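This report refers to the structure that appears directly beneath it.
Being a predicted model, the structure only gives us computed values, none of them experimental. Read the numbers this way: they start at 1 and go in the same order the structure lists the ligands and their atoms. All heavy atoms count here, side chains included; hydrogens, waters and symmetry mates do not.
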Amino acid sequence: MKILAFNGSPRKGKWNTSTMLEQALDGARSAGAETELINLYQLDFKGCASCFACKCKDRDEIGVCALRDDLQPVLEKVRSADALLLGTPVYYGTESSAMRAFLERLQYPYLNYEDFSKSHFPRKVRTGLIYTMNVREDQLDAMGYPAVFERTRSYLAMHFGSCELVLANNTTQYPDYGKYEANASGEDKARYREEYFGGDCRRARELGIRLVS
Ligand SMILES: Cc1cc2nc3c(=O)[nH]c(=O)nc-3n(C[C@H](O)[C@H](O)[C@H](O)COP(=O)(O)O)c2cc1C
């Protein structure tokens, strides 16, 4: 059982998205999975080039992107993965640019234009989608975020079989709030993190375990 995870934040280490992903992968490993985390910002790749090689009727292989860059071997690994986990910070109300580019390349070769209900991905695998963001939970509806998350979740479910969401709100963005512009104090952010981030990480861990089952 191999789970492939993708970090759509440029920040690695102890930051929000990578921490949530590591928690999920730790849960998956505790349930017996082998895991691999890929940091998208370390790869040199672009989004879909609209070349339509993956839609050509006489193509050699179904579900293969023709672009040759750092994503090619990664997409090759996706073909044999048993579950996929994607994590991204919210940037301007949607996924980060690297995650958006990745989503295009990951999904479009499997999109069956003749029948959207029949994915070209040959199997059904579980997928998980983690978002971390500044906005508080009580602001989500007013910002229109649930519709954005649901659209991406449903596309992943359409291509791969199923997809579950986990969110972390009001995340800590700076190491020292005294040194940067902010609409909240470092004390308020630290208090919120202390109270809620542990629960977010627990939900991520439980998601990781469910990806294995
Ligand atoms: C370029 C940029 C745009 C952002 N836009 C939003 C946004 O629209 N909504 C939001 O809630 N947070 C926004 N944020 C905050 C991040 O989503 C949040 O801090 C996230 O948890 C960072 O994840 P990381 O610690 O893994 O990098 C933005 C941050 C950056 C750098």
> For Asn7 and Lys12, what are the C-alpha separation, side-chain angles and deciding distance, and is it a side-chain hydrogen bond (donor to acceptor under 3.5 Å, both in side chains)?
Replying inline: CA-CA 8 Å; Asn7 180 14; Lys12 299 186 285 174; over 6 Å; no
> Residues in side chain to side chain contact (heavy atoms under 4.5 Å, CB included) with Ala31, at least two apart?
Replying inline: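 By the side chain to side chain contact (heavy atoms under 4.5 Å, CB included) rule, Ala31 matches Ile209, Val212.
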>> So Leu25 and Ile3, do their side chains get closer than 4.5 Å, heavy atoms only?
In response: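 With C-beta onward as the side chain, the pair touches.
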>> For the residue pair Gln173 / Tyr180, report whether a side-chain donor-acceptor contact shorter than 3.5 Å exists.
In response: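 Note: Tyr180 and Gln173 side chains miss the donor-acceptor criterion.
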>> The criterion is salt bridge (Lys or Arg N to Asp or Glu O under 4.0 Å); which residues satisfy it with Arg191, sequence neighbours excluded?
In response: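 For Arg191 the salt bridge (Lys or Arg N to Asp or Glu O under 4.0 Å) partners, ignoring immediate neighbours, are Asp188.
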For residues 195-205, which side-chain donor-acceptor pairs fall under 3.5 Å, sequence neighbours excluded?
residue	atom	partner	partner atom	Å
Asp200	OD1	Arg203	NH2	2.6
Arg205	NH1	Asp26	OD2	2.8

> Considering only heavy atoms, which protein residues lie less than 4.0 Å from any atom of ligand 1?
Replying inline: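 Ligand 1 is contacted, at a heavy-atom distance under 4.0 Å, by Ser9, Arg11, Trp15, Asn16, Thr17, Pro89, Val90, Tyr91, Tyr92, Gly93, Thr132, Met133, Asn134, Val135, Tyr145, Thr171, Gln173.
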